[in-house]
Amino acid sequence: MARSTYDIYQRSKRKRVIKRLEILTAILAVLLVCCAYAGKVDPRSFVLAPFMTLAYVPMLVLAAVWLLFAAFKRRWIAVTTLVVALLATAPVFKLFVPLNTSASAPPEPANRDMMLKVMTYNVLAFNYGDPLLGDQPSETMKLILDADPDVLLMQEGTASGADWDEMPSLAGFLNEIQMRYPYRYNSSEGLSIMSKFPFDTQPLGEPQHARSPLGYNRNNTSHLARAYDLHMPNGKQLRLVDFRFQSYHLSFGKSMNVRVSPDVKPSALERMRRSFALRGDNAAAIRKAIDESPGNVIVCGDMNDVSGSHVYRVICGDDLHDAWSEVGSGYAYTYNSHNLFYRIDHVLYRGAIKALKAQRYKGGSSDHYPLMVSFDLDVRDNK
């Protein structure tokens with residue numbers, strides 16, 4: 001009789017454990033889906049939405065581990081719940097972790113003159129003023145020259161108004177830069193270009209009067225983006241757009257750009273919240289400029305936000321393709337500091353061009369890694 005009572009107790013205990021497992025699995029599945037699509041919500045209307053977008057990758061890893069655990073325990077209801085959640089988030093998964101292979105890569109054009117390699121790179125001003133690296137030959141520039149893009153769009157290409165010939169880290173590269181890239185431009189906002197082809201340039205959008213999330217005027221003549229209209233030898237119309245959006249200012253108090261703020265120093269979470277809100281305005285302004293641009297456009301830059309975020313979705317609209325999602329492979333983060341390994345640098349495009357290959361390079365001395373995309377310019381309109 002006592003044994004029977006014990007058996008009943010054990011069965012009841014197992015049922016409670018299974019029930020809790022299924023409830024936790026359901027909660028995890030719901031959170032995974034919410035994090036995947038939180039970018040559809042404007043951060044100004046729901047403050048947690050952008051934080052949920054950043055949590056998608058950790059939630060994805062947790063869901064995968066939980067799925068293996070549930071399968072090992074043969075808890076098939078939990079397994080089914082997680083599989084359904086993973087399938088529901090597959091479009092977002094592809095943005096973060098595309099599984100393209102070399103076998104599925106588009107063929108290169110027969111005419112190699114119709115190919116263009118475009119790199120985007122936040123170069124951290126080639127470590128200008130850095131007490132440790134500022135006088136050493138720039139590993140960042142060495143990486144660029146080894147990769148040999150046809151066009152390089154930079155963010156933080158300059159610092160404190162210094163010209164490149166004033167930067168000790170670039171002294172040994174200036175002759176090669178001039179020979180290989182005869183067409184160059186450095187803007188006051190740090191948006192810079194090195195190109196093998198001539199171009200016309202213009203700022204996009206209105207000057208920004210408060211680019212910092214900390215409430216002060218950084219530069220009353222700064223622009224969020226700059227357009228470069230390339231003069232291609234094949235006559236192809238092509239506009240490149242370079243941009244850099246608001247930083248999170250995680251290193252508050254260490255940068256001259258943030259120490260001069262008249263605000264009381266807000267917490268890290270508050271700085272992030274303000275950054276998310278300002279980037280929403282930034283994205284709308286850049287999207288308007290893209291809408292007013294000619295048909296063939298490649299949009300590159302430091303978005304300071306991840307794929308699927310609200311900012312990303314606003315910029316992409318209904319017409320821009322994500323080159324990494326289409327022809328890249330695997331989880332390639334581009335930010336390498338603060339243990340926040342996210343891809344916050346993006347290459348987007350539209351028009352009669354097509355991405356053929358996307359590469360993430362590791363190395364250099366910046367807190368970012370570059371992306372380089374090879375484009376086929378000899379295609380019909382890519383809608």
Side-chain angles (χ1 to χ4, degrees), residues 5-101 103-104 269 272-273 276 280 303 305-316 318 321-322 324-335 339-344 346 360:
T5 303
Y6 176 77
D7 290 342
I8 293 172
Y9 168 76
Q10 287 296 101
R11 285 197 296 270
S12 176
K13 182 179 178 180
R14 282 196 298 272
K15 287 182 179 179
R16 290 197 299 271
V17 170
I18 293 171
K19 189 68 173 178
R20 290 169 184 167
L21 175 65
E22 292 174 351
I23 292 173
L24 288 174
T25 301
I27 293 173
L28 176 58
V30 170
L31 287 176
L32 179 65
V33 174
C34 289
C35 289
Y37 295 103
K40 292 180 176 290
V41 180
D42 192 323
R44 292 163 293 189
S45 60
F46 182 53
V47 69
L48 292 181
F51 294 98
M52 294 174 68
T53 303
L54 291 177
Y56 171 68
V57 171
M59 292 296 299
L60 185 64
V61 173
L62 179 59
V65 172
W66 197 265
L67 176 63
L68 293 175
F69 172 76
F72 176 76
K73 290 294 186 179
R74 298 185 179 183
R75 303 272 57 97
W76 306 121
I77 293 178
V79 168
T80 302
T81 301
L82 286 175
V83 168
V84 169
L86 289 169
L87 289 174
T89 63
V92 179
F93 176 87
K94 187 177 186 297
L95 295 177
F96 281 87
V97 194
L99 302 177
N100 304 303
T101 65
S104 63
L269 287 178
M272 291 180 72
R273 185 196 69 77
F276 285 129
M303 194 178 291
D305 221 329
V306 298
S307 303
S309 66
H310 180 72
V311 168
Y312 173 92
R313 292 175 184 275
V314 169
I315 293 290
C316 285
D318 297 325
H321 303 265
D322 186 324
W324 186 262
S325 174
E326 288 194 340
V327 295
S329 181
Y331 184 77
Y333 59 89
T334 59
Y335 187 68
N339 294 315
L340 296 173
F341 303 118
Y342 286 103
R343 180 165 63 91
I344 60 175
H346 303 270
R360 189 279 312 270

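The model shown is predicted, which means the values in this text are computed figures rather than measured ones.
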| Under the ring-ring contact (aromatic ring centres under 6.0 Å, His included) test, residues paired with Phe93 that sit two or more places apart | none
Tell me which donor-acceptor pairs under 3.5 Å the side chains of residues 45-52 have, and how far apart each pair is, sequence neighbours excluded?
| residue | atom | partner | partner atom | Å |
| --- | --- | --- | --- | --- |
| Ser45 | OG | Asp42 | O | 2.8 |

| query | Do side-chain atoms of Tyr335 reach the backbone of Leu340 as a donor and acceptor pair under 3.5 angstrom? | reply | no
| said: How long is the straight-line distance from CG of Leu24 back to CD of Glu22, given to the nearest 0.5 Å? | reply: 10.5 Å
| field | Check: Ser309 side chain, Tyr312 main-chain N or O, donor-acceptor pair, under 3.5 Å | value | yes
| Expected output: side-chain Arg343 to main-chain Leu95 donor-acceptor under 3.5 Å | yes
| Counting distance only, does the side-chain N/O of Arg360 pair as donor-acceptor with the main-chain N or O of Thr334 below 3.5 Å? | no
| Mind checking what makes ring-ring contact (aromatic ring centres under 6.0 Å, His included) contact with Phe96, not counting sequence neighbours? | Tyr56
Name every donor-acceptor pair, under 3.5 Å, that has one atom in a side chain of residues 26-41 and the other anywhere in the protein, sequence neighbours excluded.
| residue | atom | partner | partner atom | Å |
| --- | --- | --- | --- | --- |
| Tyr37 | OH | Ala88 | O | 2.5 |

Atom pairs and distances, donor-acceptor, side-chain atoms in residues 59-80, under 3.5 Å, two or more places apart:
| residue | atom | partner | partner atom | Å |
| --- | --- | --- | --- | --- |
| Trp66 | NE1 | Thr25 | OG1 | 2.8 |
| Arg75 | NH1 | Lys73 | O | 3.4 |
| Thr80 | OG1 | Trp76 | O | 2.8 |

| said: Run the side chain to side chain donor-acceptor pair (under 3.5 Å) test against Ser329 and tell me which residues pass, sequence neighbours left out. | reply: none
| note | Rounded to the nearest 0.5 angstrom, the CG-CZ distance for Asp318 and Arg313 is 11.5 Å
| query | Would you call Glu326 and Asn100 a side-chain contact if the rule is heavy atoms closer than 4.5 Å? | reply | no
| Beyond-backbone contact of Val57 with Tyr331, side-chain heavy atoms, under 4.5 angstrom | yes
| message | Tell me if a side-chain donor or acceptor on His346 pairs with a main-chain N or O of Trp324 at a distance below 3.5 Å. | response | no
| message | Could you check whether any side-chain heavy atom of Val311 comes within less than 4.5 Å of a side-chain heavy atom of Phe276, counting everything from C-beta outward? | response | no
